[in-house]
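Structure first, then comments.
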Amino acid sequence: MISSKRILIFAYAFPPLISPQSLRWFYLCRELIKRGYEIDVITVQMPENFQDLVDKIPKGLNVHCVFPGPFYYLTFKYSRESFNEGESKPSTGSPVLWRILSKVHFNVYKALNALLIPDIYSEWLLFAIKRGLKLIRMNRYDIIISSSEPRVCHLAAYFLKKKSGIPWIADYGDPWIYPVPTLRESKLKRRILRKIEAKILKRTDTITVAAEGIKRLYLDRYPFLQPDKVHVITQGFDPDMFSQVEEETSSKFRIVYCGSLYKNLRDPMAFFEAVKEIDKEDIEIIIAGRINEFADVIKEEGLKKKIKYCGFLNHVKSLALQKGATILLHIGNVTDVQVPGKIYEYIGARRPVLCIKGGGGDLSSELIIRSNKGIVVNNYKNEIKEGIIKLYSFWQKGLLDKSFNLNDIKEFTWQRHAEDMSRIIEEI
């Protein structure tokens, strides 16, 4: 289907700022452009040293970078995270000074995040709305799409929808409020957010969500939502991108984890305890991504010689690491509403998966079992240890790849998801 429609997207997270939601709309935009759509994306302005995937943004996709607000302007400017290989990182002085500054930064973040509604990213709101108003005066848009996380994008789109009447799709990679507490937010703030979100959802024309669990949660939480107005478009992978990446391999049994770790949502402590008890010289563990407080844990005795932490990698390097792994480690969420996006990339990497079940209704573990992509264990030290040894034994005998279905699943490709998104847009 070839379209001549024009889309305005609010996506705070968009390359070169990389996150699951950023990758979601990067890939969807690339595929929608191929289908004839014209797209304008309003996102945050990043320092020049952030360049991840910028060279892969296609013609016809117009990216409008807007000041993020004072807190995140300084955060991005002095970030150690996304510098290109070979470039010098900003001078931070002594380690003691850096720790003091980091603590001050975290305390300011906590205070602002508690005070601002819906959260600290709201400092971008007025700048995003101003650019959106300018664009709708210049162009005729057929649809507005807002991408959450962060939540602020839905607020910006709500204002423009109210102002212009243009049809609006609200896309959810994560729920605004999880059914179990995962963020440090007061009960009062959660009640306020529920009221704001209800008002937003009554204004949308339809919503898209990244998991069946989110759809169930929202239909239960907001009874006024019609089931046929809530569409599931999962995270995905791009087979073409994987085919262009040269895999990073090892002669050892290499366990690779790429992604984020969170204490109350995706906890790796049982895995770390299992690793301490495995004494095999030809097993190596590579972790890449944002692992928060667990960066200190893996420096402890018993882990620092067994685990290599790469920090945050650019997207292509992450794909290369996944593609060349012996097995891929996945840790599911403790809630049953959301699936970590990396599980779909893991499918695209065509490597067996050791899936640690997050909770009783972990959707990602069901996916692994159903598609025979690996083995699933509960998040207990002994089960994880047994799972690693089982896969290691398969590898030693040359049976690892033969034991699982390592083919692509086309329904999880971004090409297929763009077809679904295009159909939703055309129906509206």
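In this text, all values refer to a predicted model and were calculated from it rather than measured experimentally.
- When side chains are defined from C-beta on, Tyr158 counts as touching Lys199, because their heavy atoms get closer than 4.5 Å.
- His105 is linked by a ring-ring contact (aromatic ring centres under 6.0 Å, His included) to Phe71, counting only residues two or more places apart in sequence or in another chain.
- Ile145 is listed as a side-chain neighbour of Trp25, based on a closest heavy-atom distance under 4.5 Å.
- A donor-acceptor pair is defined here as one N or O able to donate and one able to accept, closer than 3.5 Å; such a pair exists between the side chain of Ser164 and the backbone of Leu160.
- Between Glu426 and Lys5 there is a salt bridge, since at least one side-chain N of the basic residue sits less than 4.0 Å from a carboxylate O of the acidic one.
- Salt bridge Glu248/Arg254: present, at least one basic N to carboxylate O contact under 4.0 Å.
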Set out, in order, the CA-CA distance, both residues' side-chain angles and the distance that settles ring pair (Phe, Tyr, Trp, His ring centres under 6.0 Å) for His154 and Phe10, then state yes or no. CA-CA 8 Å; His154 288 350; Phe10 287 94; over 10 Å; no
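- Residues Asn333 and Arg266 have side chains in contact (heavy-atom distance under 4.5 Å, counting atoms from C-beta outward).
- Here the side chain of Lys373 pairs a donor or acceptor atom with the backbone of Asn407 at under 3.5 angstrom.
- In this structure, the side chain of Ser371 engages the main chain of Leu367 through a donor-acceptor pair within 3.5 Å.
- Counting non-hydrogen atoms of neighbouring residues, nucleotides and ligands closer than 6.0 angstrom, the CD atom of Glu246 reaches no more than 12 such neighbours.
- With Gln235 contributing its side chain and Pro20 its backbone, the two residues share a donor-acceptor pair below 3.5 Å.
- Residues satisfying the ring-ring contact (aromatic ring centres under 6.0 Å, His included) criterion with Tyr222, sequence neighbours excluded, are Tyr218, Phe224.
- Residue-environment remark: CG (Asp228) exceeds the threshold of 12 foreign heavy atoms within 6.0 Å.
- In this structure a side-chain-to-backbone donor-acceptor pair under 3.5 Å is present from Arg151 to Trp176.
- Between Phe253 and Tyr392, the gap from one ring centroid to the other is short of 6.0 Å.
- Remark: Glu212 does not engage Lys215 in a salt bridge, criterion side-chain N to carboxylate O under 4.0 Å.
- In this structure, Glu383 contributes its side chain and Asn378 its backbone to a donor-acceptor pair below 3.5 Å.
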Applying ring pair (Phe, Tyr, Trp, His ring centres under 6.0 Å) to Trp124 and Tyr12, what does each step give before you reach the verdict? CA-CA 8 Å; Trp124 180 66; Tyr12 184 104; 5.2 Å; yes
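- Between Lys34 and Glu31 there is a salt bridge, since a side-chain N of the basic residue sits under 4.0 Å from a carboxylate O of the acidic one.
- Side chain of Asp238 to backbone of Asp240: a donor-acceptor contact under 3.5 angstrom is found.
- Judged purely by atom type and a 3.5 angstrom limit, Thr204 has no side-chain atom pairing as donor or acceptor with the backbone of Ile169.
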For a side chain to side chain donor-acceptor pair (under 3.5 Å) check, start with the C-alpha distance between Asn382 and Glu277, then their side-chain angles and the critical distance, and finish with the verdict. CA-CA 10 Å; Asn382 289 339; Glu277 296 187 4; over 6 Å; no
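- In this structure, the ring of Phe26 has its center no less than 6.0 angstrom from the ring center of His315.
- Within 6.0 Å of atom OH in Tyr309, more than 12 heavy atoms from other residues, nucleotides or ligands are found, so the atom counts as buried in its surroundings.
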